[in-house]
Every structure is written in C-alpha cells, then in structure tokens.
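Note sheet for the following structure.
Quick caveat, the model's predicted, so the values are computed rather than measured. Note that these values count all heavy atoms, side chains included, but never hydrogens, waters or copies made by symmetry. In what follows, every chain begins at residue 1, and chains take the letters A, B, ... in the order their sequences are listed.
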Amino acid sequence: MMAKKILALFMAVLMALSLTATALADVVWEPRNSFYETHHSQCTYLGRSYYANGPDGFVTLWDAPGGSTVAAQYENGTALSVYWTYKNWGCITVWEGKNREEVSGWVPMEQLYLIYDHISFEEEYGAYFKPYDGQFDGSGLKDGDEIWIWEHPLSYGPKDTLKISPDWDFLEQLQGSTGSPSVFSQTYTDQNGRIWGYVGYLYGYRSFWVLLENPTCDGIMTSCIPEVDGLITSGEIVPPRTPVLPTVSYLPCFLVAGVVAVTAVLLVMMKRRRKSS
Amino acid sequence: MLTNLAISLLLTLLLEELFALAWGLRGRWELTMVALMNCLTNPVVVLLHYTAVTLWRWSALPVTAALEAAAVLVEWRCCRALSRQLRHPFRFALLVNLFSYSVGCLLNFLWRIL
C-alpha cells in the first residue's frame with residue numbers, strides 16, 4: 001500500500017513537471033522537427049528560397065533525411081524556404097492554412113532550384129557596388145506614399161513597400177540625420193544609369209534595394225509574368241504535376257498492422273489458455 | 001518515423017513493466033500481459049497521433065486525449081480478461097498510462113533543453 005502511495009506521489013510530481021515544457025525559440029528560425037532537434041549541431045543555417053524542382057514534377061518533404069514518412073508534397077514551381085541543411089538535404093518550413101500551421105520536412109537539395117536573391121546578385125555584381133554617398137532624396141515624399149523595396153535591382157517586381165506615415169520614421173532612417181547615418185550602405189548603378197541603394201536591415205525588413213532617385217517607382221513597369229513560368233518554359237524547372245504518395249510512405253502502416261495482428265493473436269491465445277486452466 | 005515508433009514502444013514497455021512491478025504484479029503471465037497490451041496499443045497510438053497532428057494538422061490536445069483514452073480502454077479490457085492478480089484493472093490501466101505518458105513528456109522536455 002505504501003509503495004502505491006509513493007508511486008502516486010511520484011506520478012503527481014512528474015505530471016506537474018511535464019506541464020512546464022516550453023517552446024524554445026531563437027533569432028533564427030528553428031523548425032519543430034524531431035530530426036532537426038536531435039541533429040541541430042550538425043545542421044547548417046541557410047535561410048534562402050528555392051523553387052520546387054523534383055524530377056517527377058513535385059517534391060516530397062520527409063520527416064528526416066532519407067526518412068520514411070511524408071511531411072508534405074508540393075508541385076514544382078512552388079517557392080519554398082530552406083532554413084537548415086544537413087549533408088545534401090534541406091529542411092523546409094511552410095506555414096499553411098488560416099492558423100499558419102507549421103509544416104517542416106526534408107528534401108534533397110538537388111530537387112530545388114535556387115531563387116535569384118540579393119546574395120546571388122551580390123555574388124554576380126558585387127564588384128560594381130560603391131559605398132553610399134547620400135544620393136537618396138526623400139524630400140518630395142509625403143505621408144501615404146509607398147517606397148518600393150526590391151530583393152535586387154534585377155527583380156521582376158518589388159517584394160514589399162514601406163508606407164510613409166507619422167508612426168514610422170522610415171524617411172529619417174533612409175536619409176540619415178546628424179549623428180545617425182543613413183541605413184543605406186552600398187549603391188549599384190544599373191545598365192540604364194539608375195542608382196540603387198542597399199539596406200541590410202530596417203525595422204524587420206531585411207536585405208533590400210531601393211531605387212534612390214525614384215523610391216516610389218512612379219512610371220516603372222513591372223513584369224506581370226511570374227518568374228517561375230519562364231523557368232518552366234525554358235526547361236530549367238521540370239513542369240509541375242499533381243503529387244503522388246511514394247510507396248515507401250506506407251511502410252510504417254504495414255509494420256504497425258503486422259505488430260498489432262501478431263499481438264492480438266498472442267492475446268487471444270493467452271485468453272484461451274486462461275479459460276482452459 | 002520507424003525510429004520514433006521503435007523508441008516509443010521500447011520506452012513504454014520499460015516504463016509500464018516497471019510500473020507493473022511497483023504495483024505488485026509478479027510472474028511471467030502478468031508481465032507478458034502488460035508487454036503484449038502495450039505492443040497492441042502503443043504503435044497504433046504513435047502512428048495515428050503522427051498522422052493526425054503532423055500530417056493532417058489536427059489540434060494536438062483533443063487527438064492526444066482521444067488516443068490515450070482509447071489506449072486506456074483497450075488495456076483495461078486486456079487486464080480484465082487476462083490478469084490473475086489485478087483487483088482494479090481499470091485503475092491500473094489508467095494510472096500506468098498516465099505514468100508512461102508523463103515520463104515520456106518529461107524525457108522529451110529534457111531532451112530538448114539538454
């Protein structure tokens with residue numbers, strides 16, 4: 001009886017402790033994925049976006065590199081963010097649905113096509129960058145105007161806008177003031193002679209470019225054709241197809257069914273033996 | 001997934017056998033019964049939980065509650081049908097599952113922070 005009381009006390013303490021579990025978070029995104037959690041010291045942070053480009057027209061996200069359980073599937077051309085890599089596998093996280101539920105899974109990096117981003121642009125044109133020298137003039141901007149921000153000066157279109165309002169001192173930060181230099185660090189002059197300025201970070205907006213002489217991009221035409229369509233047409237991305245579940249993903253179901261069937265038979269045999277004894 | 005299934009089953013077998021011994025169950029018959037009823041419920045619970053919560057994005061709390069309740073009911077029926085020593089099979093089935101679930105949560109928590 002005493003042993004049962006001690007056991008009950010031990011369980012009460014355990015249950016109380018189990019409620020103390022909290023989510024761990026850091027500055028960089030860490031996925032809720034058991035393989036990542038057990039191998040995070042061997043994973044490398046990447047933080048770049050790719051288009052799905054599987055040989056069959058879709059990619060399958062697995063629970064682990066070389067895993068046997070499907071986490072999700074996406075048609076080719078879907079933009080996916082790879083946050084971590086392990087050997088030649090990338091860990092992708094997507095937030096889906098109304099509640100922005102996290103979906104994380106692993107995919108071979110060779111089934112992804114790198115989206116040209118500010119890093120790619122710097123790798124290609126970094127030699128032409130010059131230090132920022134006060135070229136941005138926001139004097140003509142007023143509340144309600146929107147400054148277009150671009151992933152890089154060769155982008156098909158802007159990735160976001162900064163809306164001028166009394167609540168945010170975007171203009172002051174971009175222009176700089178006495179004792180507080182402008183957030184622009186470098187410039188690039190494109191083939192049309194337009195000067196672009198690069199910002200590493202501004203109020204949560206990371207790594208973007210602004211057209212310095214025309215920050216609201218008045219009269220600038222952007223492409224209405226998605227970049228990915230061109231890549232599919234040119235054959236760089238395999239045309240998308242509706243995903244099909246791979247056969248190996250049914251393996252855990254078959255194994256569990258087998259274990260349950262064998263156990264059930266053994267339990268029935270035990271029951272018969274008990275009745276006969 | 002297969003690794004998760006194996007670890008979960010082995011850990012549950014160990015914890016529930018220890019609990020059964022602490023509860024006073026003795027003999028090969030009783031301990032085999034505890035092992036078999038775990039082999040019957042644990043892989044199904046882990047697989048269904050993974051499918052519902054991770055793949056189908058169902059809310060974890062009701063799924064966990066429903067699956068654990070089902071496991072308790074199945075194990076209670078096993079204990080009632082087979083045990084020669086248990087006087088309160090439902091109480092045993094409920095507490096042994098609470099014990100293994102709580103230790104599992106705690107180990108998971110410790111694994112994350114260490």
Quiz item: Who among A:Thr38, A:Leu255, A:Val259 has the most heavy-atom pairs with chain B under 4.5 Å?
Solution: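 Maximum pair count with chain B is reached by A:Thr38.
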Residue [X] excluded, over 12 heavy atoms near [atom1] under 6.0 Å:
X	atom1	value
A:Arg274	CZ	yes
A:Phe254	CZ	no
A:Trp168	CH2	no
B:Arg84	CZ	yes
A:Arg48	CZ	yes
A:Arg241	CZ	no

Taking every non-hydrogen atom, the tightest pair across [X] and [Y]:
X	Y	result
A:Pro252	B:Leu47	CB-CD1, 4.0 Å
A:Thr263	B:Leu36	CG2-O, 2.9 Å
A:Met270	B:Trp29	O-CH2, 3.2 Å
A:Lys271	B:Ala81	CE-CB, 4.2 Å

Contacting moiety of [X], where chain B heavy atoms sit under 4.5 Å:
X	answer
A:Val103	both
A:Leu267	both
A:Ala264	both

For [X], is it the side chain, the backbone, both, or neither that has a heavy atom closer than 4.5 Å to a heavy atom of chain A?
X	value
B:Ser83	backbone
B:Leu40	both
B:Asn42	neither

Quiz item: Rounded to the nearest 0.5 Å, what separation is found between the OG1 atom of B:Thr32 and the CG atom of A:Leu266?
Solution: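 So the OG1 of B:Thr32 and the CG of A:Leu266 are separated by 10.0 Å.
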